[in-house]
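First up is the structure itself, then whatever we jot down about it.
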Amino acid sequence: MPNEISIPVIDISEALRVQLGFGKQPELEAVAQAIDDACCEVGFFAITGHGINQKIIDDAWNAAAAFFDLSLEEKLCVPAPTPQHAYGYSPMTAETLARSLGDDSLPDLKESLSIGPMELPPEIPLEAKGLLVETDWPAKPAELHPAWERYFAEMSELSARLLSIMAVALKLEPTYFEPMLRYHSSALRAVNYPHLAKLPREPAPPTEPPSNRRQSLVFFHNAAWDAEVKCIPTCLKPGEKPKYEPVLAGPHLLSKFASTVGDY
């Protein structure tokens with residue numbers, strides 16, 4: 001296809017070596033430049049050399065699959081997300097992600113399980129309780145809780161290291177983003193797209209047959225609830241003003257989430 005975009009694949013292992021006290025600064029800067037190029041030219045990139053043990057990844061993936069294999073009755077024992085609470089089990093058609101962008105589309109043909117942050121601040125504002133809350137873990141499968149905790153910890157560490165590399169790419173101190181990550185409100189979500197013998201609604205004839213089952217495991221690395229998200233100084237030219245006003249990370253995230261759930 002002539003307009004097909006190639007997603008860059010970047011090996012970050014040398015940058016991680018520098019962060020751990022090995023390697024040389026030019027190696028870190030080379031990885032940072034590759035990430036900068038990918039973000040500016042494509043908007044996405046994939047990584048290799050992340051150092052996460054494959055068993056930790058497999059255990060988290062397999063635990064998610066085991067949860068989705070449970071009966072609907074068992075899965076519904078896990079509290080469902082609401083506009084005021086971001087985590088839990090969401091059954092088929094209970095969510096419409098397009099609404100977060102103002103698109104009133106049909107509900108998503110998927111089910112999902114989401115958990116919130118592992119470390120909570122000592123004081124939680126009342127309006128933050130939808131994001132900063134203890135996880136209500138499913139009783140089954142028993143291996144899900146420890147597997148997801150390990151995976152969450154690894155992904156948190158990796159995400160922080162990636163942000164440090166990005167800070168270098170932005171000509172900032174490697175620690176620039178660290179204050180925004182204390183008690184970060186990150187989330188882990190598994191999504192199951194079940195096998196569909198037929199579509200539940202058909203507003204238009206499908207161009208392809210209904211899909212086989214697919215699964216994804218997504219880590220959303222979010223800033224702290226009270227972190228101010230604003231234009232980075234090195235992204236502004238002299239005399240230039242930011243295009244967008246600053247927002248607080250937590251309230252902005254919760255408002256986006258609240259728009260995706262509801263009754264149908």
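Since we're looking at a predicted model, the values are computed, not measured. If you read the sequence from its start, that first residue is 1, and numbering goes on from there.
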Under 4.0 Å between a side-chain nitrogen and a carboxylate oxygen: does that hold for [X] and [Y]?
{"X": "K171", "Y": "D36", "answer": "no"}
{"X": "E245", "Y": "K230", "answer": "no"}
{"X": "E119", "Y": "R182", "answer": "yes"}
{"X": "E27", "Y": "R17", "answer": "no"}
{"X": "R161", "Y": "E157", "answer": "yes"}

Under a 4.5 Å side-chain heavy-atom rule over Ile, Leu, Val, Met, Phe, Trp and Tyr, are [X] and [Y] clustered together?
{"X": "Y87", "Y": "L188", "answer": "no"}
{"X": "F220", "Y": "L132", "answer": "no"}
{"X": "V218", "Y": "F45", "answer": "no"}
{"X": "V133", "Y": "F152", "answer": "no"}
{"X": "F22", "Y": "L16", "answer": "no"}

Closest non-hydrogen atom pair, [X] against [Y]:
{"X": "V168", "Y": "E29", "answer": "CG1-CG, 4.3 Å"}
{"X": "S112", "Y": "V191", "answer": "CB-CG2, 4.2 Å"}
{"X": "A86", "Y": "L131", "answer": "CB-CD2, 3.8 Å"}
{"X": "F68", "Y": "A190", "answer": "CZ-O, 3.4 Å"}
{"X": "P8", "Y": "A38", "answer": "CG-CB, 3.8 Å"}
{"X": "A160", "Y": "H221", "answer": "N-CE1, 4.1 Å"}

Do any N or O atoms from the side chain of [X] and from the backbone of [Y] form a donor-acceptor pair under 3.5 angstrom?
{"X": "E74", "Y": "S71", "value": "yes"}
{"X": "T82", "Y": "H85", "value": "yes"}
{"X": "Q215", "Y": "W61", "value": "yes"}
{"X": "S90", "Y": "E111", "value": "no"}
{"X": "S186", "Y": "G116", "value": "no"}
{"X": "S159", "Y": "S156", "value": "no"}

> Which is it for L120 and E134 under the side chain to side chain contact (heavy atoms under 4.5 Å, CB included) test, yes or no, and what are the steps along the way?
Replying inline: CA-CA 8 Å; L120 299 177; E134 294 282 352; 3.8 Å; yes
> Can the ring centroids of F67 and Y89 be said to lie less than 6.0 angstrom from one another?
Replying inline: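 Here the rings of Y89 and F67 have centres that are less than 6.0 Å from each other.
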>> Please check if the number of heavy atoms outside E123 that lie under 6.0 Å from its CD is greater than 12.
In response: no
>> Are more than 12 heavy atoms, taken from residues, nucleotides or ligands other than E73, located less than 6.0 Å from that residue's CD atom?
In response: no
Distance-only criterion, 3.5 Å: show the donor-acceptor pairs between side-chain atoms of residues 231-243 and protein atoms not counting sequence neighbours.
| unit_1 | atom_1 | unit_2 | atom_2 | d |
| --- | --- | --- | --- | --- |
| T234 | OG1 | L170 | O | 2.7 |
| E240 | OE1 | K237 | N | 2.8 |

Could you check whether any side-chain heavy atom of [X] comes within less than 4.5 Å of a side-chain heavy atom of [Y], counting everything from C-beta outward?
{"X": "I47", "Y": "V9", "result": "no"}
{"X": "D136", "Y": "V78", "result": "no"}
{"X": "Q33", "Y": "D37", "result": "yes"}
{"X": "K140", "Y": "P138", "result": "no"}
{"X": "I35", "Y": "M166", "result": "yes"}
{"X": "W148", "Y": "L217", "result": "yes"}
{"X": "V18", "Y": "K24", "result": "no"}
{"X": "P117", "Y": "H184", "result": "no"}

If I take atom [atom1] from residue [X] and atom [atom2] from residue [Y], how far apart are they, to the nearest 0.5 angstrom?
{"X": "L113", "Y": "I115", "atom1": "CG", "atom2": "CD1", "value": "7.5 Å"}
{"X": "L163", "Y": "L172", "atom1": "CG", "atom2": "CG", "value": "11.5 Å"}
{"X": "L28", "Y": "E14", "atom1": "CG", "atom2": "CD", "value": "10.5 Å"}
{"X": "K129", "Y": "W225", "atom1": "NZ", "atom2": "CH2", "value": "11.0 Å"}
{"X": "T48", "Y": "D11", "atom1": "OG1", "atom2": "CG", "value": "4.0 Å"}
{"X": "Y183", "Y": "M118", "atom1": "OH", "atom2": "CE", "value": "15.0 Å"}

> Under the side chain to side chain contact (heavy atoms under 4.5 Å, CB included) criterion, do L248 and V229 qualify, and how do the steps go?
Replying inline: CA-CA 6 Å; L248 291 182; V229 180; over 6 Å; no
> Can K75 and D69 be said to form a salt bridge (charged side-chain N to carboxylate O under 4.0 Å, His left out), step by step?
Replying inline: CA-CA 9 Å; K75 289 181 285 192; D69 284 341; over 6 Å; no
>> Once you measure the plane-to-plane angle for W137 and H145, does it fall in the parallel (<30°), tilted (30-60°) or perpendicular (>60°) bin?
In response: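 W137 vs H145 ring planes: parallel.
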>> Could you go through D59 and R150, starting from their C-alpha distance and side-chain angles, then the distance that decides it, and tell me whether this counts as side chain to side chain contact (heavy atoms under 4.5 Å, CB included)?
In response: CA-CA 9 Å; D59 287 350; R150 286 192 296 269; 3.9 Å; yes
